[in-house]
Amino acid sequence: MREIEFRGKRIDNREWIYGNLMQFEDSATFIFADERKGASTLTYAHFIINNMHAIDEKTLGSCIGREDEDEKTIYENDIVQVVLEHWSMGYYQEVEYVGVVKYDTDICAYYLDLIKPPALSGETIPKEIDGIKITREDPEDFDTRFYFDASVDSAAMTVIGNIHENPELLEVAE
């Protein structure tokens, strides 16, 4: 079973905090950083007060349960690069996807909201093979979503930033 964890920037010092999400109807959103290991029940209330931090809700993101090639945990709103190998018609190609991690509530799945068309590298597939024309998709007609599935290995993923600390990475789309 995967651990569900959230992150957000603290309001008081703008540092990232990781832990359990706590939301109240009439106040701020908090993250409780549970770092205690075997604390007694007498110190539990004091511990909760000292480890519950108000966060900026715009920076809130949940862990997607995956890590990148450097074993860095991936969160919503991270900017991730995924490089997959394909053997299209016997030709080796790599396809690079770069996007922002988001959650699709309709199908309950995480995906990359692509910020640029997928980039191809490797061997060029010819325009025709044995007199048969090969049709390819136009790079301008790309699907703006790339869904994570079991076939996407951690070794293919790299966290290159997040939308809060690296907004310049989003300018690639413009």
Side-chain angles (χ1 to χ4, degrees), residues 1-84 96-118 142-174:
M1 183 174 174
R2 78 176 181 95
E3 184 176 328
I4 298 174
E5 182 179 68
F6 292 86
R7 80 167 178 201
K9 282 197 167 201
R10 290 174 50 170
I11 291 175
D12 59 354
N13 64 10
R14 303 301 297 163
E15 291 181 4
W16 288 107
I17 183 90
Y18 301 83
N20 298 312
L21 182 65
M22 299 178 80
Q23 292 180 304
F24 301 99
E25 289 181 23
D26 58 348
S27 71
T29 299
F30 296 88
I31 287 186
F32 173 63
D34 190 356
E35 299 159 354
R36 92 187 138 89
K37 303 290 183 227
S40 71
T41 55
L42 296 174
T43 62
Y44 190 68
H46 179 265
F47 175 77
I48 288 177
I49 292 169
N50 289 332
N51 289 290
M52 192 166 63
H53 304 282
I55 61 159
D56 179 353
E57 288 186 37
K58 290 181 267 180
T59 66
L60 179 65
S62 69
C63 168
I64 72 166
R66 305 285 300 267
E67 293 180 339
D68 73 356
E69 65 183 352
D70 299 321
E71 298 181 0
K72 184 176 181 181
T73 304
I74 301 174
Y75 289 86
E76 284 180 283
N77 298 321
D78 276 344
I79 300 171
V80 175
Q81 172 192 44
V82 178
V83 178
L84 298 177
E96 175 196 41
Y97 302 90
V98 177
V100 178
V101 176
K102 296 193 177 176
Y103 186 72
D104 185 338
T105 55
D106 292 335
I107 64 170
C108 302
Y110 289 101
Y111 67 94
L112 283 183
D113 186 10
L114 299 180
I115 58 178
K116 65 178 187 173
F142 72 97
D143 188 5
T144 60
R145 290 185 175 189
F146 172 82
Y147 284 89
F148 295 101
D149 61 19
S151 68
V152 181
D153 187 28
S154 292
M157 297 186 283
T158 306
V159 175
I160 58 175
N162 66 63
I163 64 171
H164 309 291
E165 294 177 329
N166 312 99
E168 71 278 1
L169 294 174
L170 298 175
E171 295 171 10
V172 172
E174 296 174 0

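Predicted model, so just to flag it, every value in this text is computed and none were measured.
- Applying the side chain to side chain donor-acceptor pair (under 3.5 Å) test to residues at least two apart or on different chains, the pairs with a partner in residues 64-74 are E69-T158.
- By the 4.0 Å N-to-carboxylate-O rule, R14 lies close enough to D56 to be salt-bridged with it.
- Using a 4.0 Å cut-off between charged side-chain N and carboxylate O, K102 and D78 make no salt bridge.
- Aromatic rings of F148 and Y110 (six-membered ring for Trp) have centroids beyond the 6.0 Å cut-off, not under it.
- Pairing each heavy atom of R7 with each of I31, the nearest pair is C-CD1, 3.5 Å.
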| Stepwise side-chain contact (heavy atoms from CB on, under 4.5 Å) check, V101 with N77 | CA-CA 5 Å; V101 176; N77 298 321; over 6 Å; no

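- Ring centers of F6 and Y75: at least 6.0 Å apart, outside the cut-off.
- Minimum interatomic distance between V98 and I79 (heavy atoms only, all atoms of both residues): CG1-CG2, 4.2 Å.
- Side-chain polar atoms of T144 and Y111 form no donor-acceptor pair below 3.5 angstrom.
- Salt-bridge formation is detected for the pair K9/E165: a Lys NZ or Arg NE/NH1/NH2 atom is positioned less than 4.0 Å from an Asp or Glu carboxylate oxygen.
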| query | Where do C63 and Y18 land on the side-chain contact (heavy atoms from CB on, under 4.5 Å) test, with the steps shown first? | reply | CA-CA 10 Å; C63 168; Y18 301 83; over 6 Å; no

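- Looking at Y147 and D104, their side chains do bring a donor and an acceptor atom within 3.5 Å of each other.
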